[in-house]
> 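Let me begin by handing over the structure; questions about it come next.
Order of the sequence lines fixes the chain letters, A, B, ..., with proteins taken first and strands second; residue numbering starts at 1 for each chain. Keep in mind that the numbers below use all heavy atoms, side chains included, and drop hydrogens, waters and symmetry copies. This one's a predicted model, so the numbers in the text were calculated from it and none came from an experiment.
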2 protein chains.
Amino acid sequence: MMISTKGRYALRVMIDLAEHPGDYVPLKEIAQRQEISEKYLEIILKSLVREKFLIGQRGKGGGYRLSKTPDAYTVGSILRLTEGSLAPVACLNEKSEQCTRVHDCRTLSMWQGLDKLISEYLDGITIAELMASYQPGDNYII
Amino acid sequence: MMISTKGRYALRVMIDLAEHPGDYVPLKEIAQRQEISEKYLEIILKSLVREKFLIGQRGKGGGYRLSKTPDAYTVGSILRLTEGSLAPVACLNEKSEQCTRVHDCRTLSMWQGLDKLISEYLDGITIAELMASYQPGDNYII
DNA sequence: ATTTATCCTATAAACTTAGTAGGTTTATTG
DNA sequence: CAATAAACCTACTAAGTTTATAGGATAAAT
């Protein structure tokens, strides 16, 4: 299992906000609609605000809204942010120290191929394409 | 991070055994060569034997060997066995109960697409192709 | 009988996930 | 200006998964 609830929830929130444009949408409303615990959602929204994916407006009438148009967010960028990395194995992760067996690793290029495949797929789909209202041809292939 | 050490170790063991054909190879030898703890390796080998991927021979001169030729094992089949599932999200897992939001899930077909992509890639590569000695064209694309 | 090896059951430390709790700050509105 | 509604912040925790470890029982060859 690769993608945790955190990443999946984040995606759903972004789609939810894309489907409710205009005013700021309060956390409570998103939580209810998406059936996510308010406190847990708070953590997820915080990271999305920190990375400027969302704008959080305090005070009465406040809430959250997208900072860009839905077509400007790729699924990959959102998942990479919330999951930390999309690499299918630890050794491909930037942060992890170099594997000592790299010199004659039989599997490295296979993993790199998988990594590239996943990234290209997820970076090729935007929030706009996941919205219910979106029309111009479902571009990603099942 | 999707693939744990268990799956990665299993792959390395299968390749190791493919590269050392003929006699039975004792666990201790694999563990040393692959730098994997003997006790942990035991657990991994046990599951591979249970699924008939390997034959385990007890007693003096015993050890492990492949039950089939290296081209008969796909990377996908080995990882699916040791990891349990290759599904990138819980809702695609056979065992997990149906998600209550399935009726208007915006992301389901996107996840299904990713799942298919991953499975087809990993089922398209065999242990034979990962062996150092293997010649007939590196078939998988990086 | 001795050696070498797999096989089996149980335990545990470390890490990650998924979530809770309670309070602080900011902005709007009546 | 006070009440209210909202985001923001810090800390904690329960549960599950990963990554092993320990100690022995069983089997086969010499």
> Can you tell me how far C1' of C:dA18 sits from CD1 of A:Ile44, to the nearest Å?
9 Å
> Please enumerate all protein N or O atoms sitting under 3.5 Å from an N or O of nucleotides 28-30 of chain C, with distances to 0.1 Å.
none

> Using a cut-off of strictly less than 4.0 Å, decide whether A:Tyr9 has a side-chain nitrogen or oxygen near OP1 or OP2 of C:dG19.
yes
> CZ/A:Arg33 to CD/A:Glu19 distance, rounded to the nearest 0.5 angstrom?
8.5 Å
> For the rings on A:Tyr64 and A:Tyr24, is their centre-to-centre separation under 6.0 Å?
no
> How close or far is atom P of C:dC8 from atom CG of B:Leu45, stated in whole angstroms?
13 Å
> Hey, does the side chain of B:Ser47 reach the backbone of B:Thr82 with a donor-acceptor pair shorter than 3.5 angstrom?
no
> Could you tell me whether the phosphate oxygens of D:dT19, OP1 or OP2, come under 4.0 Å of any side-chain nitrogen or oxygen in B:Ser4?
yes
> Students often get this wrong, so: under 4.0 angstrom with heavy atoms, is A:Tyr64 touching a base, only sugar-phosphate, or nothing?
sugar-phosphate
> Over how many whole Å does the gap from B:Ile36 atom CD1 to D:dT21 atom P extend?
12 Å
> First locate atom CG of A:Leu117, then atom CG of B:Leu117, and finally report the distance between them rounded to the nearest 0.5 Å.
4.0 Å
> Quick check: does any side chain N or O of B:Thr74 sit under 3.5 Å from a backbone N or O of B:Ser77, one acting as donor and the other as acceptor?
yes
> Between the main-chain N or O of A:Lys116 and the side-chain N or O of A:Ser119, is there a donor-acceptor pair closer than 3.5 Å?
no
> Would you sort out whether B:Tyr9 and B:Ser37 count as a side chain to side chain donor-acceptor pair (under 3.5 Å), showing the intermediate values?
CA-CA 10 Å; B:Tyr9 288 174; B:Ser37 129; over 6 Å; no
> For A:Asp23, is the CG atom crowded, meaning more than 12 foreign heavy atoms sit under 6.0 Å from it?
no
> Could you tell me the separation between the NZ atom of A:Lys6 and the CZ atom of A:Arg8, rounded to the nearest 0.5 Å?
13.5 Å
> Please report, rounded to the nearest Å, how far the P atom of D:dA28 is from the CG atom of B:Asp23.
18 Å
> Show me the protein contacts with nucleotides 10-12 of chain D, counting only N or O atoms at under 3.5 Å.
none

> Considering only C:dC7, D:dC8, D:dG23, which nucleotide approaches the side chain of B:Lys39 most closely?
D:dG23
> How long is the line joining CG of A:Asn93 and P of C:dT16, in whole Å?
11 Å
> Would you kindly give the OH-to-C1' distance between A:Tyr40 and D:dA14, to the nearest whole Å?
14 Å
> Within the structure, does a side-chain N or O atom of A:Ser37 lie under 4.0 Å from either OP1 or OP2 of C:dT20?
yes
> Record whether the side chain of A:Lys6 comes under 3.5 Å of the base of C:dG19 through a donor-acceptor pair of N or O atoms.
no
> Starting at atom CD1 of A:Ile55, determine the distance to atom P of D:dA7, rounded to an integer number of angstrom.
14 Å
> What pairs with B:Gln57 under side chain to side chain donor-acceptor pair (under 3.5 Å), at least two apart in sequence or on another chain?
none
> Of the nucleotides D:dT19, C:dA21, D:dA22, which one has an atom closest to the side chain of B:Thr5?
D:dT19
> Without decimals, in angstroms, what is the distance between B:Leu27 CG and D:dT26 P?
20 Å
